[in-house]
Structure formats: structure tokens, C-alpha cells
Amino acid sequence: MTSGVATLSREAPSPTRGRAVPKLRAETHQPVSVADAPELVLVQPEAERRRGLPRPLRRAIGPVLLVALWHVLSVTGVLPPTVLAGPATVLSSAASLWATGELQAAILASLGRAASGLAIGGTIGISLAVISGLFRLGEDLVDSTMQMLRTVPNIALIPLFIIWFGIGEAPKVALIALATAFPLYLNVYAGIRNVDQTLVEAARTLGLSRPAMIRHVILPGALPNALVGLRYSLGVAWLALVFGEQVNATAGVGYLMNNAREFFQTDVIVVCLVVYALLGLIVDFIVRLLERLLLAWRPAFSGA
């Protein structure tokens with residue numbers, strides 16, 4: 001040991017026989033150069049390294065191919081206009097309906113019915129699911145009735161709704177409300193009952209009151225299932241809307257379809273079907289966005 005510099009050059013004993021151990025060398029007062037520093041390498045996940053096209057473009061490939069096939073079949077005469085109008089004719093009809101304002105008015109009328117029915121049915125379904133999921137007495141009183149009613153076809157109730165509510169807007173909204181209540185009830189109820197019991201026991205150990213445990217443990221744990229139920233309910237809402245707007249409707253997308261059916265206008269019918277599909281796609285995107293915002297705390301598999 002000289003000048004305050006200690007050097008250990010002796011080879012350390014090997015912990016396992018036949019295994020080389022590097023020499024230990026401790027030196028002080030010697031600056032480390034940048035060249036001696038280890039090189040940092042950015043490691044990318046395997047899924048990102050294999051990624052080619054952006055995901056929105058990949059998701060659009062299927063619809064684009066379907067429209068291209070439809071155009072080819074229409075041009076070649078395999079699909080005559082009396083059976084199914086071609087994409088060009090459908091676009092022209094959509095532009096005409098948009099220019100006259102009929103399409104916008106129909107979309108607003110249908111959205112109003114769907115939103116009203118979903119609000120009523122969602123409130124009823126979620127409220128009954130919370131009562132049935134949190135309390136055993138609520139389950140005994142509510143669950144068997146809901147399981148019985150959900151097997152009744154909604155379309156079969158249209159004549160009864162007409163007798164009860166007349167032929168105005170009420171039976172249409174009631175049909176949508178009934179159809180959307182059951183998916184939300186089933187998923188919220190399942191989400192509450194599938195909350196991890198260890199989390200509930202931990203909350204009790206920490207001294208949380210029952211309302212606090214419901215707010216901070218049970219309801220957040222049931223939120224993923226609730227959003228799944230919302231997606232199902234939105235899809236069912238459009239199906240119920242199609243049937244509801246067949247009942248003496250004077251406005252809405254279904255009203256346009258009924259008029260087009262009377263005059264064999266397949267292009268207008270296709271326009272209405274595309275509108276239903278686009279509205280469903282938009283609301284599904286909104287629910288996906290809600291899932292990203294509300295479930296940011298939950299790590300989940302996003303695909304390989």
C-alpha cells in the first residue's frame with residue numbers, strides 16, 4: 001500500500017471448483033473514462049419489433065377488402081341492382097339524403113331513442129345488480145326474477161308494449177330499455193361477486209367500514225365487468241332500435257328503411273345499414289376509450 005492507493009491483484013478463491021473467477025482490483029483516485037463505461041442498449045418488446053403497419057391501418061384492411069369485393073361483384077353483374085346496389089350508387093344516395101337533411105334528422109331521432117332507452121335500462125339494470133350482488137337477501141328477491149325475464153324474447157313483447165304505451169315513442173324506448181337492462185345486470189352482478197376475497201378481507205383488516213369497502217374495493221373491482229356489460233348493452237340497443245322503429249315510426253333510420261322497402265330502394269336500405277354499423281362502431285370506440293381511462297390501474301394482456 002503506497003500513496004493511499006490500494007491494489008488487490010491476488011485472484012480470489014473460486015466458490016465452485018473448476019470455475020474461473022475474475023481478479024479483483026480496487027483502485028482509488030483514478031477517473032473512469034467515458035470509453036470504459038458500459039454501452040446502454042434500448043431493449044424493445046418482441047411485439048413492437050414485429051409491428052409493421054400502424055394498427056388503425058391494419059384494422060381497416062378487412063372493411064376495405066369487403067367493399068372492394070362488393071364493388072367487383074356489382075360491376076361484373078354478379079350482384080344486380082335489384083338485389084343489392086353497388087357502392088357508387090349507395091354513396092350517391094347517401095349524398096342525396098344528406099343534402100336534403102333527411103339523413104341527419106333520422107340519425108338524431110334514432111340516437112335520441114337509443115340514448116333514452118339505454119339510460120332507463122342501464123339505471124334499472126345496474127341498480128338491481130348492485131342490490132343483488134351486495135346483499136344475499138337482494139339476490140334471493142331479485143336474481144331469480146331477472147334470470148326468468150331475460151329469457152323472454154324482446155320482440156314478443158312488442159304487441160304488449162303497444163297495448164300498454166300506444167304507438168308513439170314510449171314502446172320504442174321501453175323495448176330498448178328492456179333489452180339493455182339485462183346485459184348490464186348480468187355483468188355488474190358477476191363483477192361484484194367475482195371480486196377477490198383476499199381484497200375484501202384486507203379491507204376488513206384495515207378497518208374499512210362497509211360503505212368505504214364498497215366504494216374503494218368492490219365497485220372498482222367490478223368496473224371491468226361493468227364496461228363489458230356496457231359494450232353488450234350498446235350493441236343490443238341498436239338491435240332493439242331496429243325492431244322498435246318498425247312500429248309506426250315517423251322518423252329515424254328505421255323509418256327510412258321502411259319507406260325504402262316499400263319502393264324496393266336497396267341503395268337507401270344499404271345506406272341505413274351502414275349508418276347503423278358506423279354508429280355502433282363509434283359507440284364501441286367510446287367505450288374502449290373509457291376502458292383505457294378508467295382501467296389504467298389494471299395491467300392486462302393487449303395481444304401478442
Problem set entry | Verdict with reasoning, Val268 to Met257, per side chain to side chain contact (heavy atoms under 4.5 Å, CB included) | CA-CA 7 Å; Val268 178; Met257 290 184 64; over 6 Å; no

For this session: List the atom of Leu118, the atom of Ser233, and the distance in Å for their closest heavy-atom pair.
Result: CD1-CB, 4.0 Å

Exercise. So, does Gln104 use its side chain to make a donor-acceptor pair with the main chain of Trp98 at under 3.5 Å?
Worked result: yes

For this session: Please report the closest heavy-atom contact between Val253 and Ser110, naming both atoms and the distance.
Result: N-OG, 2.9 Å

Problem set entry | Minimum heavy-atom distance between Pro220 and Ile214, given as atom pair plus value | CD-O, 4.1 Å

For this session: Side-chain contact test, heavy atoms from C-beta onward, threshold under 4.5 Å: evaluate it for Tyr255 versus Glu245 and give yes or no.
Result: no

Problem set entry | Co-membership, hydrophobic cluster, residues Leu227 and Ile286, 4.5 Å side-chain | no

Exercise. So, do Leu186 and Arg150 sit near enough that their side-chain heavy atoms are less than 4.5 Å apart?
Worked result: yes

Exercise. Say you draw a straight line from CD1 of Ile124 to CE of Met146; how long is it, rounded to the nearest 0.5 Å?
Worked result: 8.5 Å

Exercise. In Å, rounded to the nearest 0.5 Å, how long is the span from CD1 of Ile126 to CD1 of Ile131?
Worked result: 12.0 Å

For this session: Please check if any side-chain donor atom of Asn225 sits under 3.5 Å from a side-chain acceptor atom of Tyr189, or the reverse.
Result: no

For this session: Assess whether atom CZ of Phe243 is packed by more than 12 heavy atoms of other residues, nucleotides or ligands within 6.0 Å.
Result: no

For this session: Supply the atom-to-atom distance Ser93 OG to Gln265 CD, rounded to the nearest 0.5 angstrom.
Result: 7.5 Å

For this session: Taking Ser92 for its side chain and Ala88 for its backbone only, find out whether a donor-acceptor pair lies under 3.5 Å.
Result: no

For this session: Carefully, step by step, assess Val173 and Phe165 under the rule side chain to side chain contact (heavy atoms under 4.5 Å, CB included).
Result: CA-CA 10 Å; Val173 175; Phe165 305 112; over 6 Å; no

For this session: Measure the spacing between CG of Leu230 and CG of Asp284 and express it to the nearest 0.5 Å.
Result: 9.5 Å

Exercise. To the nearest 0.5 Å, how far apart are CG in Leu134 and CD1 in Ile192?
Worked result: 4.5 Å

Exercise. Judged by modelled atom types alone, do Ser132 and Tyr185 share a side-chain donor-acceptor pair under 3.5 Å?
Worked result: yes

For this session: Evaluate side chain to side chain contact (heavy atoms under 4.5 Å, CB included) for Val130 paired with Phe135, printing each intermediate quantity in order.
Result: CA-CA 8 Å; Val130 171; Phe135 309 103; 5.8 Å; no

Problem set entry | Transitive ILVMFWY side-chain link Trp70 to Val72, under 4.5 Å | no

Exercise. Does a side-chain N-to-carboxylate-O contact under 4.0 Å join Asp140 and Arg136?
Worked result: no

Problem set entry | Main-chain N/O of Gly254 paired with Tyr276 side-chain donor or acceptor, under 3.5 Å | yes

Problem set entry | CA sep, side-chain torsions, deciding dist, call: Lys172, Leu241, side chain to side chain contact (heavy atoms under 4.5 Å, CB included) | CA-CA 7 Å; Lys172 305 175 182 60; Leu241 180 65; over 6 Å; no

Problem set entry | Side chain to side chain, Leu279 and Val283, heavy atoms closer than 4.5 Å | no

Problem set entry | Closest non-hydrogen atom pair between Ile176 and Arg113, with its separation | CD1-O, 3.7 Å

Seminar exercise, completed: Tightest non-hydrogen contact, residues Leu79 and Val83, listed as CD2-CG1, 4.4 Å

Exercise. Any donor-acceptor pair under 3.5 Å linking the side chain of Ser127 with the backbone of Thr123?
Worked result: yes

Problem set entry | Same apolar cluster: Leu290 and Val236, side chain cutoff 4.5 Å | no

Problem set entry | Leu128 CG to Leu141 CG distance, which is reported to the nearest 0.5 Å | 11.0 Å

Exercise. Applying the 4.5 Å side-chain criterion to the ILVMFWY set and letting contacts propagate, would Val242 and Leu108 be lumped into a single cluster?
Worked result: no

For this session: Write down the atom of Gly280, the atom of Trp238, and the distance for their closest heavy-atom approach.
Result: CA-NE1, 3.5 Å

For this session: Spell out, yes or no, whether Ile163 and Leu175 are grouped together once hydrophobic residues are joined by side-chain heavy atoms under 4.5 Å, including indirect joins.
Result: yes

For this session: Taking the side chain as every heavy atom from C-beta outward, state whether Leu69 and Leu73 have any atom pair closer than 4.5 Å.
Result: yes

Exercise. Is it true that Glu201 and Arg204 make a salt bridge, defined as a side-chain N closer than 4.0 Å to a carboxylate O?
Worked result: yes

